[in-house]
Amino acid sequence: MVARTYARQAASATRSRIFTPSERGELSTIIIHPRNPTPPKSSTQPQTPLGKSLKADQKITVSDALTEFDKMLQLQPRPPMSSFNTLLGTVAKAKRYQDLILMINRMAEVNLLPDYIGMNILLNCYCELKRVGLGFSVMGGILKRGYNPNIVTFTALIKGLCMEDKIGDALGLLKKIIRMGFHPNVKTWGTLVNGLCRTGNAEVALRLHEEMKNGNVGLDLRFNPSLIYYSSLIDGLCKEGLVEKGKELFLEMEGRGISADVVAYGALIHGLCRMGEWEQAKELFIQMIDRGIRPNVVTFNILMDSLCKEGKTDEASGMLELMIRRGEKPDSITFNTLIDGYCLEGRIDDAKELFVSMAAKGHERDVASYNVLINGYCKCRKVEDVRELYSQMKDHDLTPDSATYSILLDGFCKNDCLVEAIELFETLEKSGYKLNSLNCNCLLDGLCKAGKLNLASELFERFPEMGLAPTNFTYSIMINGFCKDRQLEKANNMFVEMENKGCALT
DNA sequence: ATAGGGTTAG
């Protein structure tokens with residue numbers, strides 16, 4: 001009896017196996033007993049009240065989930081894995097990936113291994129954290145435990161590869177899984193297209209799109225693009241200045257009977273604004289309202305930012321009033337955008353006033369609010385106000401970020417406070433803060449402009465030990481510095497090094 | 001029924 005049960009399980013596992021042995025070998029070297037991913041059902045396992053109610057009530061907070069998780073870990077016998085998965089899913093949806101990893105680790109401490117779903121959640125988590133290598137390890141684990149990865153697994157890995165700019169690998173993985181008989185679905189295509197677009201490969205995405213549309217590559221089996229797919233592509237094309245293509249795609253989409261929503265409109269409006277096609281942008285804005293699509297806070301932020309960049313800050317301010325009249329609640333991005341607009345126009349007092357009134361109106365000021373205003377004060381050479389704001393933001397328990405430091409380093413350098421810039425740099429280094437290339441570039445530029453080429457060279461040489469790679473920008477700062485200092489040979493050496501590193505593309 | 005895709009500021 002028992003033997004027959006096992007035999008049946010083994011047979012069904014074999015049938016459900018998607019890979020040929022050699023294909024499995026490609027993905028993982030060790031495969032043990034194949035097993036169905038369906039978890040065993042048991043009525044004797046305890047259900048905690050929250051674990052059960054989660055599915056009905058989606059609004060459970062992450063902290064509730066974490067508390068519940070702690071309780072469930074203590075219970076004997078253990079609640080079913082599906083309850084754990086529910087909590088893992090809640091934390092993952094909130095993008096609290098560090099917490100998620102902690103949860104998985106704590107489960108491991110009590111010998112509780114995640115099942116098929118849990119492993120997929122973990123895999124996705126690593127991909128989101130730009131640790132696609134770990135994502136692949138988890139897939140190895142999935143295979144080892146006899147589960148079969150599915151299209152969701154692969155979609156997550158494709159996203160992870162894209163996020164690390166490994167576009168070739170992402171396309172390679174896609175081709176491989178198609179060869180293996182998996183069917184990419186609309187989300188897979190959306191992920192890939194978005195990944196391509198976000199890494200400046202919108203033209204590749206467009207080519208892929210044309211091929212699929214024409215059915216040229218045999219990829220058209222399940223190709224029914226969605227609104228999200230099109231929005232990604234339109235946005236990507238617009239960001240690379242291919243607004244005409246973006247408009248075409250917008251029409252193509254609607255021609256397929258897919259109506260644009262607030263996001264699709266936002267992407268195209270933003271693209272038009274960036275190209276200075278203000279009239280067309282306005283037309284679209286009116287069109288969407290006529291069609292009953294409510295502009296949201298993002299739409300308004302896009303319009304306001306474009307107005308600010310055009311030097312039309314007062315119109316942007318009018319836009320803020322319009323959105324409030326329409327019952328659309330501005331967020332911190334709205335205010336930061338407008339504050340930045342005032343700064344760009346040199347209206348630092350208006351910027352400050354808005355910054356102050358923000359708090360008064362109950363809108364929380366974030367790190368970016370301070371960054372924008374500090375930058376404004378730097379640009380109008382009011383270093384004393386810069387210092388004050390910097391200490392004020394720390395008093396308000398806001399942690400300066402890398403943008404803050406770039407603004408400060410650049411600001412001190414450009415306001416004849418080079419020593420202060422160097423001091424800040426050293427303080428940060430000593431505190432263990434990991435400076436990035438942009439931070440270093442700011443100080444490098446300051447050192448070069450002050451004629452301190454020796455110090456600049458010293459800092460440049462330290463890039464590797466700081467775990468940084470010089471960027472194009474780094475090289476041009478150094479080349480410029482050496483040229484101005486009439487050290488043409490050194491400038492030339494720098495140029496050669498840059499070319500050798502393949503950085504000479506700009 | 002527990003996992004995957006899109007728009008905005010420094």
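FYI, side chains are in, hydrogens and waters are out, and symmetry mates aren't considered; it's all heavy atoms of this structure. Below, chain A is the first sequence line, B the second, and so on; all start at residue 1.
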Across the strands shown, which category fits [X] at heavy-atom distances under 4.0 angstrom: base, sugar-phosphate, nothing?
X      : answer
A:V193 : nothing
A:A368 : base
A:A264 : base
A:Y229 : base
A:S369 : nothing
A:L227 : base
A:S231 : base

Can you tell which of [options] lies closest to the side chain of [X]?
X      : options              : result
A:I333 : B:dG4, B:dA9, B:dG10 : B:dA9
A:S332 : B:dA9, B:dG6, B:dG4  : B:dA9
A:N194 : B:dG10, B:dA3, B:dG6 : B:dG6
A:R198 : B:dG5, B:dG6, B:dA9  : B:dG6
A:I407 : B:dG10, B:dG5, B:dT8 : B:dG10
A:N296 : B:dT7, B:dA3, B:dG4  : B:dT7
A:V298 : B:dG6, B:dT8, B:dG5  : B:dT8

Inset, instruction - Look at atom NZ of A:K434 and say whether more than 12 heavy atoms of other residues, nucleotides or ligands are closer to it than 6.0 Å. - result: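 More than 12 heavy atoms, drawn from other residues, nucleotides or ligands, come within 6.0 Å of this atom.
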Legend entry - A:E240 atom CD: more than 12 heavy-atom contacts under 6.0 Å: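 Check passes, neighbour count above 12.
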Considering only heavy atoms and no angle criterion, is a donor-acceptor pair shorter than 3.5 Å present between the side chain of [X] and the base of [N]?
X      : N     : value
A:S226 : B:dG5 : yes
A:D261 : B:dG6 : yes
A:T155 : B:dG4 : yes
A:T191 : B:dG5 : no

Once you round it to whole Å, what is the distance between [atom2] of [N] and [atom1] of [X]?
X      : N     : atom1 : atom2 : value
A:I151 : B:dG4 : CD1   : P     : 15 Å
A:L100 : B:dG4 : CG    : P     : 11 Å
A:N150 : B:dG5 : CG    : C1'   : 15 Å
A:D331 : B:dA9 : CG    : P     : 12 Å
A:L320 : B:dA9 : CG    : C1'   : 14 Å
A:F250 : B:dT7 : CZ    : C1'   : 12 Å
A:N120 : B:dA1 : CG    : P     : 19 Å
A:K95  : B:dG4 : NZ    : P     : 8 Å

Legend entry - Pairwise distance CG(A:N371) to OH(A:Y405) - rounded to 0.5 angstrom: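 Here the rounded value is 10.0 Å.
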Legend entry - All side chain to side chain contact (heavy atoms under 4.5 Å, CB included) counterparts of A:R294, not counting sequence neighbours: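 With neighbours one apart ignored, the set is A:R326, A:E328.
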In a table with atom names and distances, give each donor-acceptor pair under 3.5 Å that connects a side chain of residues 315-324 of chain A to protein atoms at least two apart or in another chain.
none

Inset, instruction - May I ask you to evaluate whether A:K239 reaches the phosphate of B:dT8, defined as a side-chain N or O under 4.0 Å from OP1 or OP2? - result: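 True: A:K239 side-chain N/O within range (under 4.0 Å) of B:dT8 OP1/OP2.
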Inset, instruction - Report yes if at least one side-chain N or O of A:N375 is closer than 4.0 Å to OP1 or OP2 of B:dG10; otherwise report no. - result: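 Checking A:N375 against B:dG10: no side-chain N or O falls below 4.0 Å of OP1 or OP2.
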Inset, instruction - Answer yes or no on whether A:R365 is positioned over the face of A:F355, meaning its NZ or CZ is under 6.0 Å from the six-membered ring centre and within 45° of the axis. - result: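 The answer is yes; both the distance and angle limits are met.
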Inset, instruction - Answer yes when A:R291 and A:E254 have at least one side-chain N-carboxylate O distance shorter than 4.0 Å, and no when they do not. - result: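 Looking at A:R291 and A:E254, the cut-off is met.
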